[in-house]
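Okay, structure first, notes after.
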Amino acid sequence: MGLYRRMFCQKIPRDRETLTRLLRSCARDVTSIGVGESLHCRILKSGLVADLFMQTGLLDFYAKRGVLVSAEKVFEEMPDRDVVACNAMIAALGGHGRTEDARKLFDEMSLKSSASWNTMTTCYCKQGDLSLARAIFDSNPVKDVVSWNAMIDGYCKAGQLGMAEELFGRMGSARNSVTWNTMITGHLQQREFGVAISLFREMQMEDVKPTEVTMVSLLSACAHLGALSTGKWIHAYICSHHLNVDVVLGNALIDFYFKCGSIDAALDVFHSMPSKNVFCWNSIISGFGMQGYGHKAIQAFTEMEKQNAFKPDGITFVGLLSACSHSGLVAEGKRYFYRMRAVYGIVPQIEHYGCMVDLLGRAGLLREALSFVEIMEVRPNCVVWGSLLRACKIHNNIEASEQVTEQMMRLDPRDGGNYVFLSNAYASARRWGDVEVCRRVMTANRARKVPGCSSIEVDNVVHEFVVGDASHAEFGNICSFLAEMEVELRSLGYRPVTACVLHDIEEEEKEKAVMYHSERIAIAFGLMRTRSTEPILVVKNLRVCVDCHEATKFMAKMFQREIIVRDRSRFHHFRDGACSCRDYW
DNA sequence: CTAGGGTTAG
């Protein structure tokens, strides 16, 4: 596109063929709306008679850039409309939710190509009408691999993986890389990250070559799982097979390395990228933030501004503000919150308010956090109330806790996390009667708490431990190891933090042997099964509790291992008896 | 002309 743009600036091309090619490249380039429009003007002014190809090029350009009115105008003024032009128009209408108009045009076509049927299938899929999509798919007399892939993707996006799998199975050897990528992404969207990775292994066994798209999905799966060595293997594969690291793949690599705690590797990828976009900068900013490097996040933001290449967006500020929050940078956070609207014209969304409430609350400014909730232009949600509840807890302000919890229960009475939190607040105040009431209300409302779950990758296999689940083959050994370890931890000075004994009130009934929180089991498993000097990386779906946080510090000291825990909100790097979060989390 | 990819507050 760059080349075309330069050509265009230097000299106005006159011939039809060049103009058409320019238009086509504009259709592919998201930033080219202006270039394409002026091309159209030149064509009109030059008196050149547009042929079918040029008209279709114009139509497609406007369709892809979202200017449906112009696309329709071009289409209406076309004296002859071939199949390609009609297909482009159908796709444009479908992309704007005008499925009925698309269908009308489709039905009027006397001659339909495979692409016509496929486009129509996709229109219905986008609208979420899977049965109509399936009807078109079934009556398509010229089914090709695109037809199957379009239908499979429709099922995946609708969350109907069973239907997708059924078609996938029937395709047999007709599956191409897009088919596999679609299924991998489908499982990713259902958060079945392990399945996504095993599908890739199957794909390799069937000798289908993975593409850049495959790698992006796999890296995302590895990032979620904290599967560092699997992801590193994928990175090596990308390099050895000379896959093209474009902005999307580069960003996937950056995000993957950050989410696995490998900051330097993430930065290496970032600096090696010839071109970046706002996604990459956002990943860097939020990456630093979740590692607890607030100042580096600010530095990255400043650098982004200085280079003046990309305008920060709402997501940039979510990263920046949460970075300030994790590092306790109150003044900076406030400053950026106000600048975001004043300087960048970005209207704060609930996420931004959430960051601010969290920032103020955690820094001990409960009153200010409360007033922030009052001035918010949007209704607070569970996350905002949750941050506030945490702030109340820090201040041991039970009355405020009760009020906030009441608000939360009103929003979602089935969310067990709220009850656990309030119950803990009561427990720390030794108000056992209220703890009991809390438990009864929770049972009465049939609320469920999301069970704690931690995973660790050992020898390229991700092991998952859910609290209270003893089904892992090594479970017995891990528990005896933990019990032995506890004696030594105590001799080093570890004392269990009893205030969060009721962290899992549901778990109380269970055997004492399965009372360990999942992260402790995962860390113990890592200590047992790995002998290297590599750090241990554990990923947890909830926040770590104070007791596990304390215990892990002592474990890191005792075994002289770096233990990295990525919890729901940030990273903890435990080294030699201390944590990188400096107990601020 | 038609199928598959990335960042987001607790």
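Residue numbering restarts at 1 for every chain, and letters A, B, ... go by the order of the sequence lines.
The base of B:dG4 lies close enough to the side chain of A:Thr211 for a donor and an acceptor atom to sit less than 3.5 Å apart.
Following rounding to the nearest Å, A:Met89 (CE) and B:dT2 (P) show an atom-to-atom distance of 13 Å. One interatomic measurement links the two molecules: CG of A:Leu93 to P of B:dC1, which rounds to 16 Å at whole-angstrom precision. For the pair A:Asn87 CG and B:dA3 P, the interatomic distance rounds to 11 Å; values are reported in whole Å. Taking atom CE of A:Met151 as the reference point, atom C1' of B:dT2 lies 14 Å away to the nearest angstrom. Distance CG (A:Leu167) to P (B:dA3): 17 Å, rounded to an integer number of Å. In this entry the distance linking CG of A:Asn140 with P of B:dT2 reads 16 Å, nearest Å. Atoms CG (A:Asn149) and C1' (B:dC1) sit 17 Å apart, rounded to a whole Å. Across the protein-nucleic acid pair, A:Leu199 atom CG and B:dG4 atom P stand 17 Å apart, rounded to whole Å.
Within the nucleic acid shown, A:Ser177 comes within 4.0 Å of at least one base atom, counting heavy atoms only. A:Lys64 comes within contact range of the sugar-phosphate backbone alone, with a heavy-atom separation under 4.0 Å but no base atom that close. When heavy atoms are screened at a 4.0 angstrom cut-off, A:Asn176 is found touching base atoms of the nucleic acid.
Contacts of A:Asp567 classified as salt bridge (Lys or Arg N to Asp or Glu O under 4.0 Å), with partners at least two apart in sequence or in another chain: none. Looking at residues two or more places apart in sequence or on another chain, you find a side chain to side chain contact (heavy atoms under 4.5 Å, CB included) between A:Asp60 and A:Ala27, A:Lys64, A:Ala88. Listed by chain and residue number, nothing satisfies the ring-ring contact (aromatic ring centres under 6.0 Å, His included) test with A:His187 (two or more places apart in sequence, or in another chain). Residues that satisfy the salt bridge (Lys or Arg N to Asp or Glu O under 4.0 Å) test with A:Lys73, not counting sequence neighbours, are A:Glu77.
Using bins of under 30°, 30° to 60° and over 60° for the plane-to-plane angle, the ring pair A:Tyr293/A:Phe288 lands in the perpendicular bin.
In summary, the side chains of A:Ser113 and A:Ser116 do present a donor paired with an acceptor at a separation below 3.5 Å, with no hydrogens or angles considered.
Sorted by first then second residue, the salt bridge (charged side-chain N to carboxylate O under 4.0 Å, His left out) pairs that include residues 166-181 of chain A, not counting sequence neighbours, are A:Glu166-A:Arg170, A:Arg175-A:Glu206.
One finds no side-chain N or O of A:Lys126 lying less than 4.0 angstrom from the OP1 or OP2 phosphate oxygen of B:dT2.
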How does each nucleotide of nucleotides 5-10 of chain B score, in 5' to 3' order, for protein heavy atoms under 4.0 Å: base (B), sugar-phosphate only (S), or none (-)?
BBBBBB

